[in-house]
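What follows is a short report on a single structure.
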Amino acid sequence: MNLTHIEHIGMAVKSIAEASKYYTEILGLECYATETVEEQKVRTAFFRIGETKIELLEATSADSPIAKFIEKKGEGVHHIAFATKNIADALREAGDKGVRLIDKVPRNGAEGMNIGFLHPKSAFGVLTEFCSPQKISDNS
Ligand code: ZN
């Protein structure tokens, strides 16, 4: 799998503007980037803590996966993302080992990353993401 660290933790929030205050004013972190990923109907804001990031996720429309998540479970931890050196291989390997995949092949995520999700049913309830920078993706 070549997993190297927790790249980020994704938090579903109703409002990035509201939730950001907690991360900046209370925890003292700094928001270093915001980005909208149209494909996923989500707006994101990133905070760095060591090698790991906190990714706030806000729905951009009512049919966004984030809107549905909040409807069902409320705000909170949405997913954990592991950094991997080769996301295409990692997804293939997980699939070969019987893990149910949401993404069989990598797709575009925020911050110029290739991302792919494992189904929470195969990960003991945790929506799990693999990610790697686009430039060193799947040329194996
Ligand atoms: Zn993520």
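We use all heavy atoms of the structure for the numbers below, so side chains are in, but hydrogens, waters and symmetry mates are not. Everything numeric in this text was worked out from a predicted model, so none of it was measured.
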- Query: Same cluster for Ile9 and Val13 if Ile/Leu/Val/Met/Phe/Trp/Tyr side chains link at under 4.5 Å?
  - Reply: yes

- Query: Where do Ile66 and Leu57 come nearest, in terms of heavy atoms and distance?
  - Reply: CG2-O, 3.6 Å

- Message: For a salt bridge (Lys or Arg N to Asp or Glu O under 4.0 Å) check, start with the C-alpha distance between Glu30 and Arg48, then their side-chain angles and the critical distance, and finish with the verdict.
- Response: CA-CA 7 Å; Glu30 198 182 321; Arg48 202 187 308 276; over 6 Å; no

- Message: Quick one: does any side-chain atom of Thr84 pair with a main-chain N or O of Met1 as donor and acceptor, under 3.5 Å?
- Response: yes

- Please name the pair of heavy atoms, one in Gln40 and one in Ile115, separated by the smallest distance, quoted to 0.1 Å. NE2-CD1, 3.6 Å

- Item | Distance-minimising heavy-atom pair for Gly116 and Ile87 | N-CD1, 3.4 Å

- Query: Should we say atom CG of Leu3 is surrounded by more than 12 heavy atoms from elsewhere, each under 6.0 Å from it?
  - Reply: yes

- Item | Approximate separation, where rounding is to 0.5 Å, of Cys131 SG and Phe117 CZ | 9.0 Å

- Check whether any side-chain N or O of Ser122 sits under 3.5 Å from a backbone N or O of Arg100 as a donor-acceptor pair, and report yes or no. yes

- Query: Is Leu56 linked to Ile49 within one hydrophobic cluster, defined over Ile, Leu, Val, Met, Phe, Trp and Tyr using a side-chain heavy-atom separation of less than 4.5 Å?
  - Reply: yes

- Message: Would you say that Pro65 contacts Val42 through its side chain, given a criterion of any heavy-atom pair below 4.5 Å between the two side chains?
- Response: no

- Spacing of Asn86 atom CG and Arg92 atom CZ [to the nearest 0.5 Å]: 7.5 Å

- Query: Can you tell me how far the CD1 atom of Ile6 sits from the NZ atom of Lys53, to the nearest 0.5 Å?
  - Reply: 13.0 Å

- Task: Indicate yes or no: at least one non-hydrogen side-chain atom of Lys14 is less than 4.5 angstrom from one of Glu75.
- Result: yes

- Item | Thr60 side-chain N/O to Arg43 backbone N/O, donor-acceptor pair under 3.5 Å | no

- Item | Donor on one side chain, acceptor on other, Glu55 and His78, under 3.5 Å | no

- pair Tyr23-Met11: side-chain heavy atoms closer than 4.5 Å: yes

- Heavy-atom count around Phe124 CZ within 6.0 Å, excluding the residue itself: above 12? no

- Task: Enter the distance from Asn108:CG to Met113:CE here, rounded to the nearest 0.5 Å.
- Result: 12.0 Å

- Message: I want to check something: taking the side chain as every heavy atom from C-beta on, are Leu91 and Leu118 in contact at a cut-off of under 4.5 Å?
- Response: yes

- Query: Mind checking whether Val77 and Phe46 sit in one hydrophobic cluster, side chains of I, L, V, M, F, W, Y counted as touching below 4.5 Å?
  - Reply: no

- Query: Side chain of Glu58, backbone of Ile16: donor and acceptor closer than 3.5 Å?
  - Reply: yes

- Query: Taking C-beta and beyond as the side chain, do Ile102 and Pro120 meet within less than 4.5 Å on heavy atoms?
  - Reply: yes

- Task: Might you point out which heavy atoms bring Phe69 and Ala12 nearest each other, and give the distance in Å?
- Result: CD2-CB, 3.5 Å

- Message: Within this structure, what is the CZ-CG distance for the pair Phe130 and Asp89, rounded to the nearest 0.5 Å?
- Response: 11.5 Å

- Would you mind reporting whether Ser20 and Phe47 have side-chain heavy atoms less than 4.5 Å apart? yes

- If you take all heavy atoms of Thr52 and His8, which pair is closest and at what distance? CG2-CA, 4.1 Å

- Query: Would Ile54 end up clustered with Leu27 when hydrophobic side chains under 4.5 Å apart are linked, directly or stepwise?
  - Reply: yes

- Task: Could you pull out the closest heavy-atom pair between Ala67 and Ala62, with the gap in Å?
- Result: CB-O, 3.5 Å

